[in-house]
Amino acid sequence: MKPAYASYVCGAVRIRTLTEADLRETLEWRNRNGVRQNFKHSAALEWNQHHAWFLSYRDKPDDIIFIAEHVASGKKVGQVAIYSIDYAGGRAEIGRFVAAPAFQGKGLMREAITGLMGFAKQELRLNSLYLEVIETNERAYQLYSKLGFNEVERKDGLIFMERSLNGDVQQ
Ligand SMILES: CC(C)(COP(=O)(O)OP(=O)(O)OC[C@H]1O[C@@H](n2cnc3c(N)ncnc32)[C@H](O)[C@@H]1OP(=O)(O)O)[C@@H](O)C(=O)NCCC(=O)NCCS
């Protein structure tokens, strides 16, 4: 079982942990054509797979998925996640970023990821974060660069990026 985490606000967005009631929407967002191709497992997921994944996710202490919500309207903006959390080593991977279609390209996912970095630093006490992005995903690559992630390596069509949390996380 994972610990309960309070929601975390960054600018116009709040991130709060994923619940079973969010799963229909997150499956739809993730399966959209043009979205799923940006993930290593690019096939559309079935509901049974998605739900079974959620049941096993609930028992993992090193994996936290958040729904980002627009504070003013309460509407769901997208999903962000932090996983492979290495508390002893002070680092973790972030990703599984998906914008809700109505909110894509409005700058709110940038706030949601900034909020996730603040959470990682202040609540989890981590020192650095890393991520992977598919080479053809220019939009995501630009976003991560603006958020202070530096390219470390390119291999097999993937770009590996990392960022220290020791300075300011607001860009
Ligand atoms: C990646 C993703 C989560 C980003 O969310 P978003 O709502 O598009 O991003 P935001 O509007 O918050 O981000 C703003 C930054 O993203 C980049 N960006 C946003 N739209 C863009 C576009 N149409 N073309 C190029 N870059 C774009 C820019 O760097 C922008 O910064 P700017 O506002 O200073 O110009 C979203 O596009 C998405 O769901 N993509 C499909 C799934 C995916 O690729 N996930 C990441 C896997 S690694």
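Numbering of residues begins at 1 and proceeds along the displayed sequence. Remember, it's 1-based here, ligands and their atoms both numbered in the order they're listed. None of these values were measured; they are calculated from a predicted model.
Without hydrogens or angle criteria, R163 side chain to L147 main chain gives a donor-acceptor distance under 3.5 Å. Of the possible polar contacts, one joining the H50 side chain to the L23 backbone as a donor-acceptor pair under 3.5 Å is found.
Contact annotation: for N137 versus ligand 1, heavy atoms closer than 4.0 Å belong to the side chain alone. Residue E111 does not touch ligand 1, judged by heavy-atom distances below 4.0 Å. Here K106 has backbone heavy atoms under 4.0 Å from ligand 1, and that is the only part of it that gets that close.
Applying the 4.0 Å criterion to heavy atoms of Q142 picks out, from ligand 1, the atoms 29 (O). Every atom of ligand 1 is numbered from 1 in the order shown, and the set under 4.0 Å from a heavy atom of E132 is 48 (S). The ligand atoms of ligand 1 that sit less than 4.0 angstrom from a heavy atom of V98 are 39 (O).
The cationic atom of R154 (NZ for Lys, CZ for Arg) lies less than 6.0 Å from the six-membered ring centre of Y141 and within 45° of the ring axis. A cation-pi arrangement is absent between K76 and F103, since the terminal nitrogen or guanidinium carbon is not both under 6.0 Å from the aromatic centre and inside a 45° cone about the axis.
Note on K40 versus D156: no salt bridge recorded, every NZ/NE/NH1/NH2 to OD/OE distance being 4.0 Å or above.
Between R32 and Q104 there is a side-chain heavy-atom pair separated by less than 4.5 Å. Between D22 and F54 there is no side-chain heavy-atom pair separated by less than 4.5 Å. Side-chain contact between L143 and R139 is absent, with no heavy atoms from C-beta onward closer than 4.5 Å.
The nearest heavy-atom contact from the protein to atom 39 (O) of ligand 1 is A99 N, 2.9 Å. Protein heavy atom nearest atom 7 (O) of ligand 1, with residue, atom name and distance: G105 N, 2.8 Å. In this structure, atom 9 (O) of ligand 1 lies nearest to the protein heavy atom M109 CB, 3.9 Å.
Any N or O atom pair closer than 3.5 Å counts here, and A140 shares no such pair with ligand 1. Ligand 1 has an N or O atom lying under 3.5 Å from an N or O atom of Q104, backbone or side chain. Residue G34 places no N or O, backbone or side chain, under 3.5 Å from any N or O of ligand 1. For ligand 1, the polar-atom distance check against V35 finds no nitrogen or oxygen pair separated by under 3.5 Å.
If you check each of F103, F97, Y141 against atom 43 (C) of ligand 1, the one with the closest non-hydrogen atom is F97. Distances from atom 21 (C) of ligand 1 to the heavy atoms of R36, R30, R139, K146 put R139 nearest. The nearest non-hydrogen atom to atom 15 (C) of ligand 1, considering only T136, I134, L147, L143, comes from L143. Between the choices R32, Q79, R110, the shortest heavy-atom distance to atom 34 (O) of ligand 1 belongs to R110. Nearest-residue assignment for atom 41 (C) of ligand 1 (options L108, N38, V80; heavy-atom criterion): N38.
The aromatic rings of F97 and Y144 sit tilted relative to each other, their planes meeting at an angle between 30° and 60°.
With a 6.0 Å radius and a threshold of 12 heavy atoms from other residues, nucleotides or ligands, K75 has its NZ atom at or below the threshold.
With sequence neighbours excluded, no residue satisfies side chain to side chain donor-acceptor pair (under 3.5 Å) with K155.
There is no protein heavy atom closer than 4.0 angstrom to atom 2 (C) of ligand 1.
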Inset, instruction - Applying side chain to side chain contact (heavy atoms under 4.5 Å, CB included), run through R58 and E20 and close with a yes or a no. - result: CA-CA 10 Å; R58 284 196 306 195; E20 196 160 0; 3.9 Å; yes
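At least one heavy atom of G107 sits closer than 4.0 Å to an atom of ligand 1. For Y144, the closest heavy-atom approach to ligand 1 falls below 4.0 Å.
Note: Y8 and F66 fail the aromatic proximity criterion, with ring centroids not under 6.0 Å apart.
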